[in-house]
S.K.: 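One structure, pasted below without further comment.
Note that ligands are numbered from 1 as they come in the structure, with each ligand's atoms numbered from 1 the same way. This is a predicted model, so every value here is computed, not measured. Counting begins at 1 with the first residue of the sequence. Below, each value reflects all heavy atoms present in this structure, side chains not excepted, and no hydrogens, waters or symmetry copies.
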Amino acid sequence: MNGYELLGVSEPVLAFGETVLRELKETFERIDAIAEQNQCKVLAAMHKNKVNATCFAATTGYGYDDVGRETLEKVYADTFHTEAALVRPQITCGTHALAIALGANLLPGDELLSPVGKPYDTLEEVIGIRPSTCSLKEYGVSYRQVDLLPGDEFDYDGIRAAITEKTKLITIQRSKGYATRLSFPVEKIGKLIAFCKSCKPDVICMVDNCYGEFVELQEPSDVGADMIVGSLIKNPGGGLAPIGGYICGRKDLIDRCAYRLSAPGLGQEIGANLGLLPSLYQGFFLSPTVTASAVKGAVFAAAVYEKLGFRVIPGSAVPRCDIIQAVELGSREKMLAFCEGIQAAAPVDSYVTPVPWAMPGYDDEVVMAAGAFVQGSSIELSADGPIRPPYAVYFQGGLTWYHAKYGILMSLQKLVDARLVTL
Ligand SMILES: *Cc1c(COP(=O)(O)O)cnc(C)c1O
């Protein structure tokens, strides 16, 4: 008996999947080639910093002289080619890392500019786009946004006009997040940064790098970003990091982030690792291949649903800039069926049914399917989306390619079973 049959995938669904897969061989080879180069990059940084068993020792209390923590931060900085890095379990998630980077480097009277349209949902409250206690707005930091032009092009004239004396920091989101635009290639981000700096040479350019790490050969820090920011329960944690975030970039900016995270005067010198470093190191080591698995899953999902006539973003043939695949399913029922399939495929909590709920930080009801070893980890196979038109699910992750493949087959199985899709 075929293993997929055992797992509840019917013969027609499996056959459909295999047909789609045959056309993806070259794309998968390209993904593997990128993973290979990124693996070299991580290893070189580990060699340079002489990672050894003493780096894995647990520290408690203040965590002074934590060699493992300091070395890990150097490994991140060297991998991403930055002067400094702050990589901590005390950074609780991606939003927290971004809030630190923004809060540390924006002072009352400064203005924050997003030249790429509305930022990720949870940042609306950080910035104060939606009224929120302790937002940057409350502290006197103003915000401006320049929307993308049709075709997701940058509105260079609009951006030039929006950069003023007050513009201190420019935030660029690499990944589409919960929007149905395309994610930006690193090269394109580089052009935008160069343009912003030509308008105002001392403006700080920060990139929200969530979901983008190791998808391409370069990172935004290779093309002029002063800070890149992300979550360890996404790509760079490799599925093993149980918590954490990173900020890599210019030393003066990272110093400020450290003072904001701990306290003025304390900065980077404090922060016990609580025994979490082995998984942070090993996760980073695995991240290039884990990310490649997730990218393969995204491409496969695109190809499957494209063939069935759904709008998918990006299309299966488009080079990847992040691990997210959006599929516009067009109805609440289809969203729920898709998510049921992803849930049923999970190694953990496979027997539960995802139910939409109002999540903190999000405006609309959100449905989430995830059966992860690390709660909410989206480098693990997961699907989610706000329940609002065009009813797009955002599919991401897969610690192994085979699990990602199975998840997509199950999503299709549930749609077929509910007669929402015919093959
Ligand atoms: C996930 C994500 C965030 C926020 O990260 P959390 O860890 O969920 O707080 C911010 N920006 C983008 C683009 C993301 O994908």
S.K.: Looking just at side-chain N and O atoms, do Ser382 and Gln396 make a donor-acceptor pair shorter than 3.5 Å?
M.R.: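 Per modelled atom types, Ser382 and Gln396 side chains form a pair under 3.5 Å.
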
S.K.: Check whether Tyr120 forms a cation-pi arrangement with Lys234 (NZ or CZ under 6.0 Å from the six-membered ring centre, at most 45° off the ring normal).
M.R.: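 Yes - Lys234 lies over the ring of Tyr120, closer than 6.0 Å to its centre and within 45° of its axis.
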
S.K.: Decide whether Gln325 and Tyr305 meet the rule of one side-chain donor and one side-chain acceptor closer than 3.5 Å.
M.R.: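 The criterion, which ignores hydrogens and geometry beyond distance, is not satisfied for Tyr305 and Gln325.
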
S.K.: Regarding Ser114 and Gln145, is there a side-chain donor-to-acceptor distance under 3.5 Å anywhere?
M.R.: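 Looking only at side-chain atoms, Gln145 and Ser114 do not form any donor-acceptor pair under 3.5 Å.
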
S.K.: Going by distance alone, is a donor N or O of one side chain under 3.5 Å from an acceptor N or O of the other, for Thr59 and Asn273?
M.R.: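 Yes, a side-chain donor-acceptor pair sits under 3.5 Å.
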
S.K.: Pick one: which of Arg174, Lys41, Arg30 meets salt bridge (Lys or Arg N to Asp or Glu O under 4.0 Å) with Glu216?
M.R.: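 Exactly one pass, corresponding to Arg174.
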
S.K.: Who are the residue neighbours of ligand 1 when the rule is a heavy atom under 4.0 Å from any of its atoms?
M.R.: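 Only Cys93, Gly94, Thr95, Leu98, Tyr120, Gln173, Asp208, Cys210, Tyr211, Ser231, Lys234 have heavy atoms that fall under 4.0 Å of ligand 1, ordered by chain and number.
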
